[in-house]
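Worksheet: one structure, shown below.
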Protein chains: 2
Amino acid sequence: MANPAQLTTVMKTLADPTRRALFERIAREGEVAATGLVKGSKVSQPAISQHLKALRDAGLVTERREGRHVHYRVASKALEPLADWLDHYRAFWRERLGRLEMLLKETQR
Amino acid sequence: MANPAQLTTVMKTLADPTRRALFERIAREGEVAATGLVKGSKVSQPAISQHLKALRDAGLVTERREGRHVHYRVASKALEPLADWLDHYRAFWRERLGRLEMLLKETQR
DNA sequence: ACAACATATAAGCATTTACTTATGTTTCTT
DNA sequence: AAGAAACATAAGTAAATGCTTATATGTTGT
């Protein structure tokens, strides 16, 4: 169901610590302008701008222009590809571990 | 709770498509020798070996040597850092969306 | 002991990435 | 209209990444 290419993009985008920190700040603050993100960051304004573009392209954040400010917020379905992938493997393992446990109990008695 | 550095490592490791595919194959097959992974892969044996090292270093797989074969399997807590991080943000959003809904209902009446 | 097999390591290379500084572009303020 | 503010884009660069071929290391069967 989840497009593998999209999953790759999401993972690659969030794998970078500074970019992920940016994403987390946007999530925490609800809605932030780019300037707000530049302040309190160690990297330059262009770096922030480039990271925001990456987050946008990955579908992780949405932007809302208001005058000369651009406000960012987390996209509602941002982490869905990641969550889907994880849930798939979690379910898979529950099943696998379930079978393993049953096997162990049978061999033990 | 989840170490950010470890999360970064896990994400970076799984972000690469061929490496993730390798991980998924190990998960599906339960336990595979490296040779088994080389077969049916488009990259060379050393490439596989390097990817396996990366997966090992990230704590995503464990190895079990048996003669000249090395069998790989998914580590039981492999995806815990990722899952923890995701759950944290999921909970966070439920709360945020919950508040938003309450706010909307209040302003509507 | 020796050849074949399974895997790891080394070295090299092209591409990608995460920055930087410099410069646009648009919008607000005065 | 002019300057400042908020952002984006361009160009350059050092480091990281994912591969390759060649070679080493360890193990098994004959």
Side-chain angles (χ1 to χ4, degrees), chain A residues 4-26 29-75, chain B residues 4-26 29-75:
Chain A
Q6 199 187 351
L7 179 59
T8 298
T9 308
V10 167
M11 280 186 171
K12 276 210 166 125
T13 305
L14 290 174
D16 179 70
T18 38
R19 193 159 46 222
R20 190 171 68 249
L22 222 57
F23 177 80
E24 290 176 356
R25 265 193 74 188
I26 296 173
E29 305 192 15
E31 199 178 47
V32 220
T35 315
L37 294 166
V38 171
K39 286 172 188 168
S41 171
K42 296 182 180 179
V43 297
S44 65
Q45 177 266 319
I48 298 286
S49 188
Q50 286 156 22
H51 281 312
L52 288 173
K53 175 171 171 46
L55 289 170
R56 237 184 297 128
D57 291 351
L60 286 166
V61 300
T62 60
E63 57 175 353
R64 180 179 65 88
R65 172 143 234 140
E66 191 182 294
R68 51 184 165 179
H69 293 261
V70 177
H71 298 276
Y72 286 90
R73 54 165 56 231
V74 169
Chain B
Q6 199 187 351
L7 179 59
T8 297
T9 307
V10 168
M11 280 185 169
K12 275 209 167 127
T13 306
L14 291 174
D16 180 70
T18 38
R19 193 159 46 220
R20 190 173 66 251
L22 221 58
F23 176 80
E24 290 175 356
R25 264 193 75 188
I26 296 172
E29 306 192 15
E31 199 177 50
V32 218
T35 314
L37 294 166
V38 171
K39 285 173 189 167
S41 170
K42 295 183 180 179
V43 296
S44 66
Q45 177 266 321
I48 298 286
S49 187
Q50 285 155 23
H51 281 312
L52 288 172
K53 175 172 171 43
L55 289 169
R56 238 183 297 127
D57 290 352
L60 286 165
V61 300
T62 60
E63 57 174 353
R64 181 179 64 88
R65 172 144 234 140
E66 190 182 296
R68 49 184 167 180
H69 294 260
V70 178
H71 296 92
Y72 286 90
R73 52 165 58 231
V74 169

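Each chain gets a letter, A, B and so on, in the order the sequences are listed, and its residues count up from 1. Computed from a prediction, not measured in an experiment: that's the story for all the values here.
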When you look at A:R20 and A:T13, which way does the side chain to side chain donor-acceptor pair (under 3.5 Å) test go after all the steps? CA-CA 8 Å; A:R20 190 171 68 249; A:T13 305; over 6 Å; no
Run the salt bridge (charged side-chain N to carboxylate O under 4.0 Å, His left out) test on B:E29 and B:R73 for me, step by step, so that the C-alpha distance in whole Å, both residues' side-chain angles and the decisive distance to 0.1 Å come before the verdict. CA-CA 8 Å; B:E29 306 192 15; B:R73 52 165 58 231; over 6 Å; no
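Atoms CG (B:L52) and C1' (D:dC19) sit 15 Å apart, rounded to a whole Å. For A:L22 and C:dA18, the CG to C1' distance is 13 Å, given to the nearest whole Å. Per the geometry, CD1 belonging to B:I48 stands 9 Å off P belonging to D:dC19, to the nearest Å. Atom P of nucleotide C:dA8 and atom NE2 of B:H69 are separated by 12 Å, given to the nearest angstrom. Between the CD atom of A:Q45 and the P atom of C:dG24 there is a distance of 15 Å, rounded to whole Å. Rounded to whole angstrom, the span from the CG atom of A:L37 across to the P atom of D:dA6 amounts to 13 Å. Rounded to a whole Å, the CG atom of B:D57 is 14 Å from the C1' atom of C:dT9. Between A:Q50 atom CD and C:dT17 atom C1' the separation is 10 Å, expressed in whole Å.
Between C:dA8 and B:R56, a contact under 4.0 Å exists linking OP1 or OP2 to a side-chain N or O. Under 4.0 angstrom from either OP1 or OP2 of C:dC19 there lies at least one side-chain N or O belonging to A:H51. Side-chain nitrogen and oxygen atoms of A:R65 include none within less than 4.0 Å of the OP1 or OP2 phosphate oxygen of D:dA8. At C:dC19, one or more side-chain N or O atoms of A:T18 fall inside 4.0 Å of OP1 or OP2 (strictly under the cut-off).
Out of C:dA18, C:dT21, D:dA8, the shortest distance to the side chain of A:S44 is found at C:dT21. For B:R19, counting side-chain heavy atoms from C-beta on, the closest listed nucleotide (D:dA4, D:dG18, C:dA8) is D:dG18. With D:dA22, D:dA10, D:dA6 as the choices, the nucleotide that has an atom nearest any side-chain atom of B:P46 turns out to be D:dA22. In this structure, the nucleotide among C:dC19, D:dC19, D:dT9 sitting nearest to the side chain of A:D16 is C:dC19. For B:R68, counting side-chain heavy atoms from C-beta on, the closest listed nucleotide (C:dA6, D:dA4, D:dA11) is C:dA6. For B:K12, taking side-chain heavy atoms from C-beta onward, the closest of the listed nucleotides D:dT17, D:dA11, C:dA6 is D:dT17.
No salt bridge links B:E63 with B:R65; every basic N to acidic carboxylate O contact stays at or beyond 4.0 Å.
In this structure, A:E66 and A:V43 both approach DNA chain C, and ranking their closest nucleotides by distance from the 5' end singles out A:V43. Comparing A:K42 and A:G67 against DNA chain C, the residue whose closest nucleotide sits nearer the 5' end is A:K42.
With a 4.5 Å cut-off on side-chain heavy atoms, B:L60 and B:V10 count as touching. In this structure, the side chains of B:F23 and B:L55 come closer than 4.5 Å at one or more pairs of heavy atoms.
To the nearest 0.5 Å, atoms CD (A:E66) and NE2 (A:H71) are separated by 4.0 Å.
Contact annotation for A:A47: base contact, defined as any heavy-atom pair under 4.0 Å involving a base atom.
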